[in-house]
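All ligand and atom numbering here is 1-based and tracks the order in the structure. What you are looking at is a predicted structure, and each value in this text was computed from that prediction instead of being measured.
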Amino acid sequence: MNMSSTDCIFCKVANKELQTKIIFENEDFLAFNDIKPVSPTHLLVIPKKHYKNLWEVEDKELLGKLLHTAKEVAKQEGLKDGFRTVINTGDNGGQTVYHLHVHVLGGRFHKWPPG
Ligand code: 5GP
Ligand code: ZN
């Protein structure tokens, strides 16, 4: 659980150590396609800096920018009919990759509540 940034798959994406197509990039964040998409559009927005998850972030400006970036990504991808943003935190939240990320899901209707 206490994964250091050197073994973190999303840090490798952020450091361009993996061949991952970058869909969106700004100063602090990157967005790329989820490897196992559950919607026609399924992007992950990550801070370039490693944070395990929401528990670890106290930087309110960064959190605000993260959500704003998710919206910019949705806009760029043409999700004008709406989209779902998800942040899974910890084991009960269903988090599997311990580098903070926002899922941006679009291109179909997303029912509520989720499973
Ligand atoms: P979580 O369950 O932690 O909220 O979401 C992790 C997401 O990362 C999953 O949707 C999974 O498909 C995706 N994922 C895991 N490994 C990789 C990878 O190496 N590349 C990409 N693009 N996505 C990944
Ligand atoms: Zn990381």
Side-chain angles (χ1 to χ4, degrees):
M1 202 70 68
N2 223 344
M3 194 182 261
S4 78
S5 57
T6 48
D7 357 278
C8 171
I9 190 90
F10 289 175
C11 281
K12 290 196 168 80
V13 173
N15 295 331
K16 315 272 166 76
E17 289 169 39
L18 292 178
Q19 285 272 330
T20 306
K21 185 178 165 199
I22 303 302
I23 304 292
F24 183 98
E25 179 166 11
N26 61 24
E27 194 182 346
D28 299 315
F29 305 99
L30 281 178
F32 51 94
N33 288 309
D34 195 291
I35 205 167
K36 273 176 67 181
V38 298
S39 300
T41 298
H42 186 172
L43 290 153
L44 302 171
V45 183
I46 65 165
K48 292 178 180 176
K49 190 173 167 200
H50 181 86
Y51 297 95
K52 204 165 77 172
N53 58 30
L54 265 188
W55 287 125
E56 209 174 74
V57 193
E58 291 301 329
D59 184 339
K60 294 174 186 167
E61 191 180 339
L62 180 121
L63 288 176
K65 285 181 177 173
L66 175 61
L67 209 47
H68 189 268
T69 298
K71 182 187 65 170
E72 291 299 308
V73 168
K75 195 191 291 174
Q76 178 186 289
E77 295 305 295
L79 304 180
K80 58 180 174 30
D81 293 335
F83 59 96
R84 171 75 49 87
T85 42
V86 175
I87 301 177
N88 296 323
T89 303
D91 294 343
N92 270 1
Q95 186 175 9
T96 58
V97 175
Y98 278 78
H99 179 128
L100 176 64
H101 53 279
V102 180
H103 296 257
V104 175
L105 304 160
R108 66 169 172 88
F109 178 77
H110 293 81
K111 62 177 190 278
W112 191 262

Enquirer: Please write down residue, atom name and distance for the protein heavy atom closest to atom 12 (O) of ligand 1.
Expert: Asp34 OD1, 2.5 Å

Enquirer: Donor-acceptor check, side chain of Arg84 to backbone of Lys111, threshold 3.5 angstrom: yes or no?
Expert: yes

Enquirer: Of the protein's non-hydrogen atoms, which lies at the shortest distance from atom 15 (C) of ligand 1, and what is that distance?
Expert: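 The answer is Val97 CG2, 3.8 Å.
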
Enquirer: Distance-only, no hydrogens or angles: does the Glu56 side chain make a donor-acceptor pair with backbone N or O of Leu100 under 3.5 Å?
Expert: no

Enquirer: Of His42, Lys36, His101, which has the heavy atom at the shortest distance from atom 5 (O) of ligand 1?
Expert: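 The option holding the nearest heavy atom is His101.
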
Enquirer: For Glu58, look at atom CD and say whether over 12 heavy atoms of other residues, nucleotides or ligands are found less than 6.0 Å away.
Expert: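 Counting other residues, nucleotides and ligands, CD of Glu58 stays at 12 neighbours or fewer.
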
Enquirer: Identify the two heavy atoms, one from Val45 and one from Ala70, that lie closest to each other, and give their separation to 0.1 Å.
Expert: CG2-CA, 4.2 Å

Enquirer: For atom 16 (N) of ligand 1, what's the nearest protein heavy-atom neighbour? Residue, atom name and distance, please.
Expert: Ile35 CG2, 4.2 Å

Enquirer: Suppose we measure from atom 3 (O) of ligand 1 to each protein heavy atom; which comes out shortest, and what is that distance?
Expert: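 The closest one turns out to be Thr96 N, 2.7 Å.
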
Enquirer: Within a distance under 4.0 Å of any heavy atom of Asn88, pick out the atoms of ligand 1 and give their elements.
Expert: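 Answer, ordered by atom number: 1 (P), 2 (O), 4 (O).
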
Enquirer: Tell me the contacting part of Tyr98 for ligand 1: side chain, backbone, both, or neither, using a 4.0 Å heavy-atom threshold, strictly below.
Expert: neither

Enquirer: Would the distance check show the side chain of His101 and the main-chain N or O of His99 forming a donor-acceptor pair, the cut-off being under 3.5 Å?
Expert: yes

Enquirer: Please name the atom of His50, limited to N, O or S, that comes nearest to the Zn ion (ligand 2).
Expert: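 Nearest N/O/S atom: ND1.
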
Enquirer: Pull out every atom of ligand 1 sitting under 4.0 Å from any heavy atom of Ile9, numbered as shown with elements.
Expert: 19 (O)

Enquirer: Which part of Asn33 is near ligand 1, with near meaning a heavy atom under 4.0 Å away: side chain, backbone, both or neither?
Expert: backbone

Enquirer: Spell out, as yes or no, whether a donor-acceptor pair under 3.5 Å connects the side chain of Glu77 to the backbone of Gly107.
Expert: no

Enquirer: For the backbone of Arg108 and the side chain of His110, can you confirm whether one donor and one acceptor N or O come within less than 3.5 Å of each other?
Expert: yes

Enquirer: Relative to the Zn ion (ligand 2), which of the N, O or S atoms in His99 is the closest?
Expert: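 Answer by atom name: ND1.
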
